[in-house]
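For reference, the structure is listed below as structure tokens.
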Amino acid sequence: MPELPEVETIRLSLFTPLRGKKIARVEVRHPKILRLDPKLPTILKGQTISSIDRIGKLLILRFQKKELALLIHLKMTGQLIYASGAKRAGLPAVAHKAKSGLPAVAHKAKSGLPAVALKAKSGLPAVAHRAKAGGGHSLTQADLKLPHAHSRVIIHFDDDTALYLNDLRLFAYMRTAPTEEVTKIVATYGIEPLQPNFTWPAFQKIFAKRKTILKAVLLNQEVISGIGNIYADEICYAAGVLPTRNVQKLKPDEVKKLFAACKKIMKEAVASGGTTFHSFLNGDSRPGGYRSKLRVYGRKGQPCKRCGTAIEKTVTVGRGTHFCPNCQT
DNA sequence: GAGAGTGTTGTAAC
DNA sequence: GGTTACAACACTCT
């Protein structure tokens, strides 16, 4: 699930390779991804990318034609992968990455996630599925053959490289927007933990006027942008506060701990390249390294790393919510 | 084979 | 205006 650290990792990994790239054509393999902008292929053809920005979980590609921007939201299972012709031909692109000392995807699929039966649908690439719950799929070398069954939109560049938008569940979207609209969209996002606008007075103000529970506030993108379900649980754990608490009943020192935890957790996660839980890959096809550092998310029944108490899970605002009943109050 | 679960966001309902 | 509930979706596990 791409949250701020994952989207930022993608942005950083794509920034250099995509800069200056000229779009030759856009291949639409599933029109639903362009539901907000069916004319996108025509608009983008011939455009040259100048930079990549991000607000919260939304990627913003900018072009030499300054009045145009491309918005990409990966929602839950979206991936954005840049690949050269060699990788698209199905050559073992992983091999050279393993040599470089970076976490190879094939290795992760073998050891980190229990991949089970290979499911080979006729005409579709084999995809290994996780043994436990969740809808997402684990990462195998089959996923690296591009395009694959879930490659929905492919932006082809004039140098035989391409940017793949893969999405299992079709929630992701890609659309163009004039820059003045982008400015309005950016303005709807709340303060962001890694940006200068994330100040103590601004944070305090949020908690002074809200009446809902803590987790709902942390997940509200118009209030604080970039935090999703995984990091909301991790932030609450780091601050020692239960995510189910009503924000009006939080003590000043607890709000202060939450403020510090937001910055600390997001900074750590970005430094680790995000979290690969089900399907996240950065723009260079590598998984994130934060999963092993998670303290509560996905650890139901396992001992708390601080006190040994079993981590519990409940449902809050419709989301799975993990916490330590002893360390968090 | 049916139903629950997985989570982001826009929208409708309260 | 603020908050809550749910649909959208694909796929696996129970």
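Below, chain A is the first sequence line, B the second, and so on; all start at residue 1. All figures in this text were calculated on a predicted structure; none of them were measured in a lab.
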Exercise for review: Pick the C1' atom in B:dA4 and in C:dC6, then give their distance to the nearest Å.
Suggested key: 16 Å

### Task
Take atom P in B:dG5 and the same atom in C:dA5, then report the distance between them in whole Å.
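To the nearest whole Å, 16 Å.
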
Presence of [X] side-chain N/O under 4.0 Å of [N] phosphate oxygens OP1/OP2:
| X | N | answer |
| --- | --- | --- |
| A:R319 | B:dT8 | yes |
| A:K75 | C:dA10 | no |
| A:Q221 | B:dT8 | no |
| A:T212 | C:dG2 | no |

Nearest whole Å is fine: how far is [N] [atom2] from [X] [atom1]?
| X | N | atom1 | atom2 | value |
| --- | --- | --- | --- | --- |
| A:R35 | B:dT11 | CZ | C1' | 14 Å |
| A:K300 | C:dC13 | NZ | C1' | 13 Å |
| A:M76 | B:dG10 | CE | P | 14 Å |
| A:K205 | C:dG2 | NZ | C1' | 16 Å |
| A:I206 | C:dT3 | CD1 | C1' | 16 Å |
| A:N246 | C:dG2 | CG | P | 16 Å |
| A:N220 | B:dT9 | CG | P | 10 Å |
| A:L170 | B:dT6 | CG | C1' | 16 Å |

| In terms of hydrophobic clustering (I, L, V, M, F, W, Y; side-chain heavy atoms under 4.5 Å; direct or indirect links), are A:L36 and A:I60 co-clustered? | yes

Considering only side-chain heavy atoms of [X], which listed nucleotide, [options], is closest?
| X | options | answer |
| --- | --- | --- |
| A:A216 | C:dT4, C:dT3, B:dT6 | C:dT4 |
| A:L168 | B:dT8, C:dC11, C:dT4 | C:dC11 |
| A:H73 | C:dA10, B:dT9, C:dT3 | B:dT9 |
| A:R169 | B:dT6, B:dT8, C:dT3 | B:dT6 |
| A:R210 | C:dT3, C:dA10, B:dT8 | C:dT3 |

- prompt: So what does A:G228 hit on the nucleic acid, given a heavy-atom distance under 4.0 Å: a base, only sugar-phosphate, or nothing?
  reply: sugar-phosphate

Using a strict cut-off of less than 4.0 Å between a Lys/Arg side-chain nitrogen and an Asp/Glu carboxylate oxygen, indicate whether A:E6 and A:K57 qualify as a salt bridge.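 Salt bridge between A:E6 and A:K57, a charged N being under 4.0 Å from a carboxylate O: no.
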
Run the salt-bridge test on A:K75 and A:D167 with the 4.0 Å N-O cut-off and return the result as yes or no.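 Judged by the 4.0 Å cut-off on N to carboxylate O distance, A:K75 and A:D167 do not form a salt bridge.
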
Side chains of A:D233 and A:H322 only: does a donor on one sit below 3.5 Å from an acceptor on the other?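 Side chains of A:D233 and A:H322: pair found under 3.5 Å.
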
Q. Using the ring of each side chain (for Trp, its six-membered ring), is A:F207 parallel, tilted or perpendicular to A:F203, with breaks at 30° and 60°?
A.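 Aromatic pair A:F207/A:F203 classed tilted.
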
